[in-house]
Undergrad: 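There's a structure below that I have some questions on.
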Amino acid sequence: MPARYGKLCREVLAVLLWSSASAALAEPGNSAFSSGKASAEVIEPLSVRAERDLNFGKIQHPSAATRTVIPNESTQSGGSSAARFRVTGAALRHYGIMIPSQVDAEGLASGAKIPVRDIQAYSKFLNATGERGRLDAHGRDVVYVGGTIDIEGSLPEDVYSAEILISVAYD
């Protein structure tokens, strides 16, 4: 018998053996089962509500100045105060705080811009500045937001305003 027929016979035999082995695995009584569980925890939705705006106070013109508002509950120099947000949700849960690190305040009349930089959040219940907060046993927290502005002497007299978006999400 030529060598190529021997090789062909071995390949056919291998296919037949593989086919019969596969069929044996599919025979009744030769299978296994397991089960798992599905679960879900339904919790109160997380919400955030603005209670007070970030206020850098009145700054005399034409002096150059830097004013920083620390994110806490006290009124600071020049009548400035941190923004205050009320966060509610499921008791004792941690959550993330997302805020921009910088926004531009625009003069209402002039359109001139002042960067509000180094924007930070502080969770009162967690007692920490950063990107996380924690709800108390009643599902409440207060988040303060502060930042820094640099006033140049050439900046036009105006009332400057910026929107600072804050969002919260459970960890």
Side-chain angles (χ1 to χ4, degrees), residues 1-56 68-76 80-106 113-149 161-171:
M1 173 177 347
R4 65 181 181 168
Y5 291 120
K7 182 179 177 189
L8 180 62
C9 288
R10 284 191 300 274
E11 289 175 9
V12 169
L13 183 58
V15 169
L16 289 174
L17 288 174
W18 180 81
S19 297
S20 63
S22 296
L25 290 176
E27 292 177 357
N30 198 13
S31 59
F33 296 94
S34 181
S35 67
K37 295 184 179 189
S39 65
E41 180 181 6
V42 178
I43 60 175
E44 183 178 343
L46 192 59
S47 69
V48 61
R49 186 182 81 239
E51 293 183 337
R52 179 177 69 205
D53 291 333
L54 174 57
N55 181 359
F56 288 97
T68 298
V69 174
I70 299 167
N72 64 26
E73 57 192 303
S74 67
T75 300
Q76 299 163 36
S80 60
S81 59
R84 178 184 166 112
F85 296 89
R86 174 79 53 189
V87 181
T88 58
L92 303 175
R93 294 283 182 155
H94 283 91
Y95 61 92
I97 304 167
M98 287 72 63
I99 56 173
S101 61
Q102 180 173 318
V103 296
D104 285 331
E106 186 173 327
K113 295 186 180 186
I114 303 173
V116 180
R117 61 180 173 81
D118 301 329
I119 298 172
Q120 295 182 340
Y122 172 84
S123 163
K124 185 174 181 179
F125 185 68
L126 190 58
N127 194 25
T129 301
E131 297 175 350
R132 291 191 75 206
R134 185 166 185 227
L135 301 167
D136 66 13
H138 302 286
R140 296 182 299 227
D141 192 15
V142 175
V143 172
Y144 295 97
V145 175
T148 300
I149 59 170
S161 179
E163 186 172 36
I164 299 174
L165 296 176
I166 180 172
S167 63
V168 293
Y170 286 118
D171 283 351

Undergrad: Holding to side chain to side chain donor-acceptor pair (under 3.5 Å), I want the full list of residues that pass it with Arg86, two or more places apart in sequence or in another chain.
TA: Glu51
Undergrad: Under 4.5 Å between any side-chain heavy atoms of Val48 and Ser167, yes or no?
TA: no
Undergrad: Between Ala91 and Ala137, which heavy-atom pair has the shortest distance, and what is it?
TA: CB-O, 3.3 Å
Undergrad: To the nearest 0.5 Å, what is the distance between CG (Leu165) and CD1 (Ile99)?
TA: 10.5 Å
Undergrad: Answer whether the closest heavy-atom distance between the side chains of Val142 and Arg84 falls below 4.5 Å.
TA: yes
Undergrad: Considering non-hydrogen atoms only, spot the tightest contact between Ala121 and Ile97 and give its length.
TA: CB-CG2, 3.9 Å
Undergrad: Counting N and O atoms only, with roles assigned by atom type, does the side chain of Tyr170 sit under 3.5 Å from a partner on the main chain of Ala90, one being a donor and the other an acceptor?
TA: yes
Undergrad: What are the two closest non-hydrogen atoms of Leu54 and Val145, and how far apart are they?
TA: CD1-O, 3.6 Å
Undergrad: Return the set of residues passing side-chain contact (heavy atoms from CB on, under 4.5 Å) with Ser161 (not counting sequence neighbours), or none when no residue passes.
TA: Leu108
Undergrad: With Thr148, which residues qualify under side-chain contact (heavy atoms from CB on, under 4.5 Å), at least two apart?
TA: Thr66, Thr68, Arg117, Asp118, Asp150
Undergrad: Using side-chain contact (heavy atoms from CB on, under 4.5 Å) as the criterion, list what pairs up with Glu73, not counting sequence neighbours.
TA: Lys124, Tyr144
Undergrad: Please check: side-chain N/O of Gln120 versus main-chain N/O of Pro71, any donor-acceptor pairing under 3.5 Å?
TA: no
Undergrad: Please list, chain by chain and in numerical order, all residues satisfying side chain to side chain donor-acceptor pair (under 3.5 Å) with Ser101, sequence neighbours excluded.
TA: none
Undergrad: Heavy-atom distance under 4.5 Å between the side chains of Val69 and Asn55, does that happen here?
TA: no
Undergrad: Sorted by first residue and then second, give each salt bridge (charged side-chain N to carboxylate O under 4.0 Å, His left out) pair with at least one member in residues 130-139; sequence neighbours left out.
TA: Arg132-Asp171
Undergrad: Would you indicate whether the side-chain heavy atoms of Val116 and Phe56 approach each other to under 4.5 Å?
TA: yes
Undergrad: Looking at every non-hydrogen atom in both residues, tell me the closest pair between Tyr95 and Asp141 and how far apart they are.
TA: OH-OD2, 2.6 Å
